[in-house]
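Naming: A, B, ... by sequence-line order, numbering from 1 per chain.
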Amino acid sequence: MSLYPNYYGQPSYANPPLPPAHNGFHHPYQQQQYQSIPPLPSTQSLPVYHVDPVTFRRDYASRLAELTVNSRPIIQNLSYIAQEYTRFANIVAECIEAHIRRVPPWMKLPAFYLLDAISKNLYDPYARHFSAFVTPLFLDTYQVVDLSTRSKMEEMLLTWRTASPTGKELFGVPPQVSIERGVWDTTGNTNSNLPPGSTITTPQVLRELEFTLSQKERALQNNPYDGVAQKHITVLHQLRNLVETGVSQDQLHLILSQLRTLLRNTPPQVAPPQPVIPQPAVWPPSYAPVASQAPAAPYPPPPVNAIPPSNPAPSSSAPSNIASLLSTLVKAGIVSANAPTPPPPTDEKVASPEHSEQKRIKSYRQAVLAIPVKLNSNDITRQRPPIVDLLYDRLTVQCKQCGIRFVDNDEGKKSMNNHLDMHFRQNRKANQNVGRGHSRSLFVAVEDWVHETIDIKGKGRADGTRPVNAKVAAAAEAAKREAELRALSVVVPLGEEAEMKACPICKEVLQSEFLEDVEDWVWRNAIMKDDKVYHATCHAEAVTSTSNLAARLRNEARGSRSRSGTPESRVTPPPTRVRPTDVKAPSLSPSQEAKTTGTKRKVDPDDLPLGHEHGGTPPLKKLALSPSA
Amino acid sequence: MSTENPENTAESAPSKEWTLEPETEYRFELDPGSSLAIKLVRGHAEIFGAELVEGKTYLFGSECKAAVFTWQGCTLEVTGHPSTEYVSEETPMTAYANLHIAFEQMRVRALRDVRGSPPPTDEPAASQDPPRILVLGPENSGKTTVCKILVNYAVRAGQGWSPLLVNVDPGQGGWAAPGAISAASVFAPIPTYSPASPLGSVATSAPTALASNALVPLVFWYGHAETKKNPLLMDRLIRNLGGHIDDRYLNDQEAKPSGLVVDTPPSFASGPTTDVHRQRLIKACVEAFNINVILVVGHEKLNVEMQRTYGARITVVKIPKSGGVVELEHHYRERIRNNQFYSYMYGHIIKPPAGITNATLGGETLDDFILSPSSTVISFSDLTIYRVGAGAMAPSSALPIGAQRVVSEMQPVIIDPSQPGSGLLNSVLGLLAPPNPDENERYDEELLDLTIQGFIVITNLDISKKRMTVLAPNQVSLVGKTAIVGTYEWQEQ
């Protein structure tokens with residue numbers, strides 16, 4: 001029995017065999033959907049790629065059928081196709097809906113990720129198509145899936161709040177509200193003005209935390225120089241640890257409302273493209289591409305990605321992309337199979353890739369060093385090189401676009417995914433750029449070239465095995481800090497040696513020991529504040545937590561708000577020193593030599609009034625937040 | 001070996017299928033104006049170390065002469081009219097692959113050293129130096145190709161290597177334009193599609209699929225085709241480049257194990273042993289780039305000479321030359337240079353053979369290679385133009401004994417465009433990066449040590465109005481800038 005009515009005289013879906021109806025998925029809704037298909041567009045009107053809707057539907061559905069596990073390549077591939085064939089958006093939407101309704105519960109989530117990715121990345125017209133059925137689809141699915149899948153769906157739902165290109169609800173307010181109501185069965189949750197009486201659960205806060213964190217991480221990923229985002233992330237990480245260890249209801253309240261304030265203020269600071277398009281001719285090269293491209297883009301970058309339009313690296317300036325989205329989901333613990341609880345602490349996550357990288361390096365080293373080749377004319381002409389093993393057999397996964405190969409393991413897949421993201425961004429950018437001229441970029445200045453590595457790594461390394469690892473650095477920093485704290489000691493006051501003193505924070509007894517250097521008894525890892533002795537580590541944690549955290553969040557939220565309110569202060573009218581009338585062949589997107597260099601180029605100070613604003617971040621995307629740390 | 005495709009229709013170009021045995025290569029040469037499309041139908045194949053993707057159509061043009069090599073055997077579909085095409089079973093690829101492995105050994109040791117892990121005790125003592133390779137060879141020996149293969153294999157190793165590729169051959173521009181001395185870090189395989197971009201392409205505003213079509217080089221402007229024109233300047237630029245590379249390594253220790261490969265001009269390899277300048281320039285390279293391996297491509301005498309001079313501290317290896325290397329006539333090189341300037345400004349415009357619709361050029365869609373330069377009329381006073389040393393100058397050694405040169409070879413001389421005979425019309429100029437903003441840090445010959453931002457060409461001089469028309473790669477402001485003129489000229493054909 002096929003659930004798919006065979007309308008177009010085509011053979012029924014070949015693979016996979018359709019499962020029997022289960023769990024009430026045989027929904028009449030589906031049938032109605034199919035019957036309401038508008039007349040097919042005539043195939044003659046289709047451009048070069050001669051695909052008729054019937055074939056397309058069959059093809060898309062059969063590809064969709066392969067989406068049985070959460071596989072990013074498949075999701076990406078399906079998104080590509082959706083991007084290519086927006087004229088078949090209705091078919092794509094129908095296929096996805098039918099698929100989700102058809103497959104068993106454990107297979108539904110990946111398809112939802114696909115729906116999510118397509119809506120966020122391509123938005124129009126897909127979000128429109130999806131919004132027609134997303135509410136019942138989501139809620140029906142939510143009813144039948146297990147707990148961990150539910151939490152992942154909730155997570156995804158949260159991202160929909162601000163995922164439209166304008167920072168609004170991805171599928172519009174009504175679907176968002178009704179889904180949230182269906183999921184949480186409370187109106188309080190959808191409203192950022194928390195009713196004072198409502199109880200907030202720790203998991204809920206954690207979920208929102210993760211969401212905010214993911215947004216920030218994505219922002220940082222796209223703009224490694226964004227110090228503010230970096231700071232936010234550190235703060236959020238601390239906050240998460242704090243919440244995990246348990247905090248009072250009031251604190252939860254405080255945190256949640258701060259989080260929402262922070263989140264609400266994120267989109268405006270990045271969304272509006274500069275209203276004034278300056279004469280490209282006179283723009284200092286580093287800024288020109290940005291200024292001239294952002295406003296003309298078909299639609300503004302979805303703020304969910306929090307990419308400032310001023311990003312100087314074209315590769316990363318492409319807005320929201322599936323990969324970063326998914327990687328965030330991975331980071332947020334959504335993708336790991338059975339994790340209803342929050343993901344493990346950061347340092348563990350950091351440790352494992354590091355470890356596997358070490359192993360990979362070592363095994364490659366052993367393999368290469370075992371080859372008996374010596375660097376002399378005789379050896380190199382007589383030996384049989386096992387080159388096929390090194391360049392082909394060890395690297396079995398190949399990018400179908402450029403031929404670069406990757407190892408077939410987790411790490412290789414990760415690199416491959418990063419690599420595909422890069423292609424995706426570039427392709428997307430190319431599509432947006434149609435009809436606009438390109439031009440050769442200027443060569444970089446010495447300073448930028450000398451420091452080039454950082455940016456390039458994010459961009460298009462062959463394998464991306466050495467990403468900018470802010471986390472590792474942060475972890476190392478934290479470890480160092482902790483060691484320093486543990487080294488602190490307080491001399492035990494005379495006569496109190498025998499007393500058991502406990503740290504007021506963790507209630508554990510302070511360990512005393514005799515220190516040779518000072519010839520006295522001391523409490524290790526201790527600090528004296530207001531006549532009380534605390535564990536130095538506990539105290540430091542306390543200081544940077546609750547009150548302080550909230551204050552910082554508040555500050556930063558305010559900071560970004562005030563900045564976003566005055567975007568024009570960042571736009572400096574370009575000096576008009578080149579006579580524009582003399583420009584014969586103006587290319588619309590002038591130089592972009594900043595493409596791969598994050599540091600600003602040295603430019604004539606007259607050309608560039610912002611010239612003094614040096615540092616890693618180009619001014620346009622620099623938020624005017626005073627460093628609060 | 002090859003079979004005509006019977007499905008050819010009248011309007012499409014003929015297409016042929018070639019089946020290659022393992023370790024053979026399909027070589028082709030193109031006439032001016034013709035193009036060729038190659039599709040890998042089955043198997044694995046690579047062009048100078050850059051792997052082809054099965055099913056993708058690659059386009060070649062601008063008199064490209066290249067070879068598709070296969071380690072495992074493959075089937076190619078070739079569309080177009082190459083002037084020459086054949087399959088060769090004798091390639092030096094085995095030797096080049098062994099070289100690559102030897103360099104990989106150096107790289108993994110160097111990385112281990114950088115990461116601070118000690119070598120295992122049972123391993124024989126070996127240098128912890130990454131490979132820093134100088135490739136020498138006479139004209140038409142395939143130096144650039146060797147460099148490309150070595151770099152491509154390194155980036156394909158899956159180890160995250162990003163070797164620096166250094167081009168000190170001012171006769172061919174590599175990724176930039178002729179007359180430049182430059183270095184770029186390579187992250188992804190360098191495609192081959194046109195002799196105008198033998199080493200990939202400098203970044204444009206277009207998005208690129210391949211990192212090697214958006215290279216970010218550091219560029220100095222020498223300005224002449226021949227190294228003997230101003231060897232002192234060459235020497236200085238080489239050492240400047242070396243200094244900046246050192247700085248870069250200081251900044252990123254992890255980049256160091258990838259090593260570097262230096263492509264050199266043929267003049268380094270030919271000429272009498274007594275040629276002081278040649279010796280000096282090789283020495284400058286060895287010192288500036290801290291060379292520890294010299295590869296001599298198919299030149300016995302040079303090999304012996306290098307062994308004698310550097311053999312004690314540097315590994316000198318003679319490597320075989322590919323039989324596919326084509327003797328290039330002078331006019332061909334001229335055309336390629338012109339084409340390089342053209343493609344620097346306008347990108348590549350290559351018409352695919354009839355019937356080919358979905359070809360990629362070096363892995364990119366064709367449109368992304370079409371660039372719009374900017375032509376601007378500026379006042380003479382807007383741009384300061386220098387020439388380094390006097391115009392046509394005999395080398396110091398040719399002067400009468402005891403005679404002193406009035407203008408030293410290294411002295412920047414200001415050129416007044418309003419003077420007839422300034423020689424500026426159609427000249428290619430290197431547009432200098434801004435000098436040090438701190439007045440106190442300035443010095444007389446600073447101009448010689450500045451990198452360039454790009455190349456510009458003076459396309460018209462209006463002496464009566466004191467204005468000139470300048471073609472620039474993009475809408476960079478030329479006002480207040482300084483440029484240096486060399487001996488390269490370029491005219492749009």
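- In this structure, B/R156 forms a cation-pi arrangement with A/Y392, its terminal cationic atom sitting closer than 6.0 Å to the ring centre and no more than 45° off the ring axis.
- Between A/C402 and B/V53, the closest heavy-atom pair is C-CG2, 3.6 Å.
- For the set B/T451, B/V317, B/N303, B/I319, the count of heavy-atom pairs under 4.5 angstrom toward chain A peaks at B/V317.
- In terms of heavy-atom pairs under 4.5 Å with chain A, the best-connected choice from B/V316, B/L250, B/T94, B/L218 is B/L218.
- The two residues A/L442 and B/P473 make their nearest non-hydrogen contact at CD2-CG, 4.2 Å.
- To the nearest 0.5 angstrom, B/L215 atom CG is 11.5 Å from A/S441 atom OG.
- At a threshold of 4.5 Å between non-hydrogen side-chain atoms, the residues A/T381 and B/P92 do not count as touching.
- The heavy-atom pair separating A/P386 from B/I101 by the smallest distance is CD-CD1, 3.5 Å.
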(request) Quick one: do A/L391 and B/H100 satisfy side chain to side chain contact (heavy atoms under 4.5 Å, CB included)? Show the steps, please. (result) CA-CA 11 Å; A/L391 294 184; B/H100 164 69; 4.2 Å; yes
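- For the pair A/S439 and B/T204, the minimum side-chain heavy-atom distance is 4.5 Å or more.
- Taken from CZ in A/R365 to CD in B/E104, the straight-line distance is 13.0 Å, to the nearest 0.5 Å.
- Ranking B/A102, B/A97, B/P320 against chain A, the residue ahead of the rest is B/A97, based on heavy-atom pairs under 4.5 Å.
- For chain B, the nearby part of A/L395 is the side chain; its heavy atoms alone come within less than 4.5 Å.
- Here the closest non-hydrogen pair linking A/V450 and B/H244 is CG2-O, 3.8 Å.
- Side chains of A/L390 and B/Y153 form no contact here, defined as non-hydrogen atoms less than 4.5 Å apart.
- Only the side chain of B/L164 comes within contact range of chain A, with heavy atoms under 4.5 Å apart.
- To the nearest 0.5 Å, atom CG of residue B/L295 and atom OG of residue A/S377 are 9.0 Å apart.
- Chain B forms more heavy-atom pairs under 4.5 Å with one residue of A/V388, A/N378, A/V407, A/V446 than with any other, namely A/V446.
- Taking chain A as the reference chain and counting heavy-atom pairs below 4.5 Å, the highest number among B/F455, B/Y249, B/Y96 is found for B/F455.
- Heavy atoms of A/Q398 lying under 4.5 Å from chain B belong exclusively to its side chain.
- With contacts defined as side-chain heavy-atom distances shorter than 4.5 Å, the pair B/I245/A/W449 qualifies.
- Using a 4.5 Å cut-off between heavy atoms, B/A183 touches chain A through backbone and side chain atoms alike.
- Put simply, of B/Q72, B/M93, B/K56, B/E46, the one with the most heavy-atom pairs under 4.5 Å next to chain A is B/Q72.
- Of the atoms belonging to B/V293, it is side-chain heavy atoms, and not backbone ones, that fall under 4.5 Å from chain A.
- For the options A/N376, A/I371, A/D379, heavy-atom pairs under 4.5 Å to chain B are most numerous at A/I371.
- Residues B/R112 and A/L369 form a side-chain contact, since some pair of their non-hydrogen atoms from C-beta on lies under 4.5 Å apart.
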(message) For a side chain to side chain contact (heavy atoms under 4.5 Å, CB included) check, start with the C-alpha distance between B/V202 and A/R440, then their side-chain angles and the critical distance, and finish with the verdict.
(response) CA-CA 7 Å; B/V202 172; A/R440 184 74 64 188; 4.1 Å; yes
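- Two residues are said to be in side-chain contact when any heavy atoms from C-beta on lie closer than 4.5 Å; B/M106 and A/L375 meet this criterion.
- Note: B/Y344 and A/F443 have tilted aromatic rings, judged against thresholds of 30 and 60 degrees for the angle between ring planes.
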